[in-house]
Amino acid sequence: MAAEEEQGFRPLDEASLLAYIKATPALASRLGGGGSLDSIEIKEVGDGNLNFVYIVQSEAGAIVVKQALPYVRCVGDSWPMTRERAYFEASTLREHGRLCPEHTPEVYHFDRTLSLMGMRYIEPPHIILRKGLVAGVEYPLLADHMSDYMAKTLFFTSLLYNNTTDHKNGVAKYSANVEMCRLTEQVVFSDPYRVSKFNRWTSPYLDKDAEAVREDDELKLEVAGLKSMFIERAQALIHGDLHTGSIMVTEGSTQVIDPEFGFYGPMGFDIGAFLGNLILAYYAQNGHADQANDRKAYKKWILKTIEESWNLFQKKFVELWNKHKESNGEAYLPDIYNKPKLLSVVQKKYMTNLFHDSLGFGSAKMIRRIVGIAHVEDLESIKDASKRAECERAALNCAKTILKGRHQFETIEQVVEHIQSFDQD
């Protein structure tokens, strides 16, 4: 820790955070400045695995302050973790906010020495999407908003829109976020397929299921391909952790937060993370059903949201491509792909590959949430362990078959039919 302190880093508590805010005009002004700062209330709300998160409120306004620690918070200082992730989070939020301000909170201030960011407070009644899914709340605009966010952030940071120089500069900048990428490589693509002290599952019910994952050679071969793509394919500036715990919602608003895993990677990793977590939410519903609500209507809504999210994303992404086909994008130069039919063939092939990538990554994300280190509240909050295991087994078997057979799917509707076939309802 001495080395950290020499660099000027220190973890802030409520008292030192208050002094810091008063000395930082970009934050003090958001809280009204002057006398308003005397009424400040600070509340620590970080329930994630990595950071301290404070809501800071005065009579005149509110902000969120987030500070990265030099270790994984949920494990402790036995698992060191780079504080530089805060820099990449702030950078990704700013870049994605430029491209899709409707669904990305504004960053007001970033302090690299303290790994500290001040940003827009996403006010109540916004809640974490995952909590809404557990509670059975419908969000009618979710698919529209998330498809918008994904289409804009992925298209405008890809070679479909940018020239090679700008793209390489972006790749170079974010390639330094290597520790966060390595963490993903370990917990998503490696640990679930081997004996690891970090893995856990609903034991003893899923002991044989976890062992089956570790013994499945076909699955391992497919995961190896996905891992290579994750490491090697600098396709766009992705969020890198786009699950339902990184999205805050009301019925009319959707805000994407926490892109500290941001880097230039495969687009399908973001799309798959979102869709895969919706599929997990679907399978969890049987564990939350009771006499008052059998959750059947809600399950249909989740499936409809999965369909709409991909179909709307595909439509919007291709529309952006058509609109900007004469731009600086160097992937498909307009004087080569100069016939409408040829461009259409190229787009169909591109989107089919992206669809299959998304299914693969989404499935891998589902598997790690059942037999890896970090699980999801959707399933963890099912108190009856045998019932929880039943839901998890259905999700796990669905994920394994999609991952291995993803190239056979041509439409998202076929995937939804497949999801339903594993439902024990």
Side-chain angles (χ1 to χ4, degrees), residues 103 128-151 154 239 241-247 249 251 254 256 267-289 295-317 351-352 354-370 376-379 391-392 394-403 405-425:
H103 304 302
I128 294 292
L129 172 57
R130 194 183 301 288
K131 293 185 181 298
L133 293 168
V134 171
V137 181
E138 292 188 16
Y139 298 98
L141 298 176
L142 179 64
D144 186 34
H145 288 172
M146 285 306 297
S147 60
D148 211 40
Y149 170 83
M150 293 188 296
L154 297 176
H239 178 286
D241 199 28
L242 195 58
H243 55 71
T244 52
S246 297
I247 302 164
V249 288
E251 287 192 5
T254 306
V256 178
M267 296 180 185
F269 193 75
D270 270 6
I271 303 161
F274 179 60
L275 297 179
N277 274 261
L278 287 178
I279 299 170
L280 287 175
Y282 171 83
Y283 283 115
Q285 295 307 314
N286 288 352
H288 297 298
R295 297 281 180 127
K296 286 183 179 174
Y298 193 61
K299 284 162 70 176
K300 282 182 182 167
W301 175 80
I302 294 176
L303 293 178
K304 178 166 159 276
T305 301
I306 290 167
E307 281 186 15
E308 288 181 352
S309 293
W310 170 261
N311 287 333
L312 285 169
F313 165 78
Q314 180 170 246
K315 177 172 175 283
K316 291 172 184 181
F317 192 91
M351 298 311 291
T352 298
L354 182 49
F355 180 55
H356 292 151
D357 293 350
S358 302
L359 294 180
F361 285 122
S363 301
K365 296 280 272 182
M366 289 171 66
I367 292 168
R368 62 80 48 124
R369 293 294 193 179
I370 297 164
V376 292
E377 186 183 343
D378 312 63
L379 292 160
C391 297
E392 289 173 328
L396 184 61
N397 289 336
C398 174
K400 290 195 300 185
T401 55
I402 290 179
L403 201 157
R406 64 191 181 280
H407 297 291
Q408 295 161 20
F409 294 100
E410 295 178 12
T411 66
I412 193 70
E413 287 78 11
Q414 290 172 351
V415 177
V416 164
E417 279 182 32
H418 186 76
I419 294 166
Q420 289 173 292
S421 73
F422 285 88
D423 190 359
Q424 304 299 306
D425 188 12

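Index from 1, following the sequence.
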Pairwise distance [atom1]([X]) to [atom2]([Y]) - rounded to 0.5 angstrom:
| X | Y | atom1 | atom2 | answer |
| --- | --- | --- | --- | --- |
| R369 | L396 | CZ | CG | 14.5 Å |
| L359 | I279 | CG | CD1 | 7.5 Å |
| Q285 | L133 | CD | CG | 7.0 Å |
| D378 | H288 | CG | NE2 | 6.0 Å |
| S309 | D144 | OG | CG | 9.5 Å |
| M267 | F317 | CE | CZ | 4.0 Å |

So, for [X] and [Y], which heavy atoms are closest and what is the spacing to 0.1 Å?
| X | Y | answer |
| --- | --- | --- |
| K316 | S147 | NZ-OG, 2.9 Å |
| E138 | E251 | O-CG, 3.9 Å |
| S246 | D241 | OG-O, 2.9 Å |
| A395 | M366 | O-CE, 3.5 Å |

Going through the distances and angles, do W301 and L142 end up as a side-chain contact (heavy atoms from CB on, under 4.5 Å)?
CA-CA 11 Å; W301 175 80; L142 179 64; 4.2 Å; yes
Residue pair [X] / [Y], side-chain heavy-atom distance below 4.5 Å:
| X | Y | value |
| --- | --- | --- |
| L154 | F313 | yes |
| F274 | L129 | yes |
| V134 | K131 | no |
| Q414 | Q408 | no |

Please assess L242 against M146 for the test side-chain contact (heavy atoms from CB on, under 4.5 Å), listing each intermediate value before the final yes or no.
CA-CA 10 Å; L242 195 58; M146 285 306 297; 4.0 Å; yes
Does anything in residues 267-284 pair up under salt bridge (Lys or Arg N to Asp or Glu O under 4.0 Å), and if so which pairs, sequence neighbours excluded?
none
Strictly by salt bridge (Lys or Arg N to Asp or Glu O under 4.0 Å), give each pair with a member in residues 295-304 just once, sequence neighbours left out.
K299-D423, K299-D425, K304-E308
Could you walk me through whether Y139 and H145 pass the side-chain contact (heavy atoms from CB on, under 4.5 Å) check?
CA-CA 10 Å; Y139 298 98; H145 288 172; over 6 Å; no
So does E410 have more than 12 non-hydrogen atoms from other groups sitting under 6.0 Å from CD?
no
Provide the full list of side chain to side chain donor-acceptor pair (under 3.5 Å) pairs with a residue in residues 357-367, sequence neighbours left out, each pair given once.
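Applying side chain to side chain donor-acceptor pair (under 3.5 Å) to every pair that reaches into residues 357-367, excluding sequence neighbours, yields R233-D357.
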If the condition is salt bridge (charged side-chain N to carboxylate O under 4.0 Å, His left out), which residues does K400 pass it with, not counting sequence neighbours?
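Result, salt bridge (charged side-chain N to carboxylate O under 4.0 Å, His left out) vs K400: none returned.
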Look only at the side chain of H103 and the backbone of T254, and say whether a donor-acceptor pair between them is shorter than 3.5 Å.
yes
If the condition is side-chain contact (heavy atoms from CB on, under 4.5 Å), which residues does E413 pass it with, not counting sequence neighbours?
E307, N311, T411
Output all residues satisfying side-chain contact (heavy atoms from CB on, under 4.5 Å) with H418, sequence neighbours left out; order by chain, then residue number.
C398, T401, I402, F409, S421, F422
Going through the distances and angles, do N397 and Y283 end up as a side-chain contact (heavy atoms from CB on, under 4.5 Å)?
CA-CA 11 Å; N397 289 336; Y283 283 115; over 6 Å; no
Parallel, tilted or perpendicular: which fits the ring planes of W310 and F355, with parallel below 30° and perpendicular above 60°?
tilted
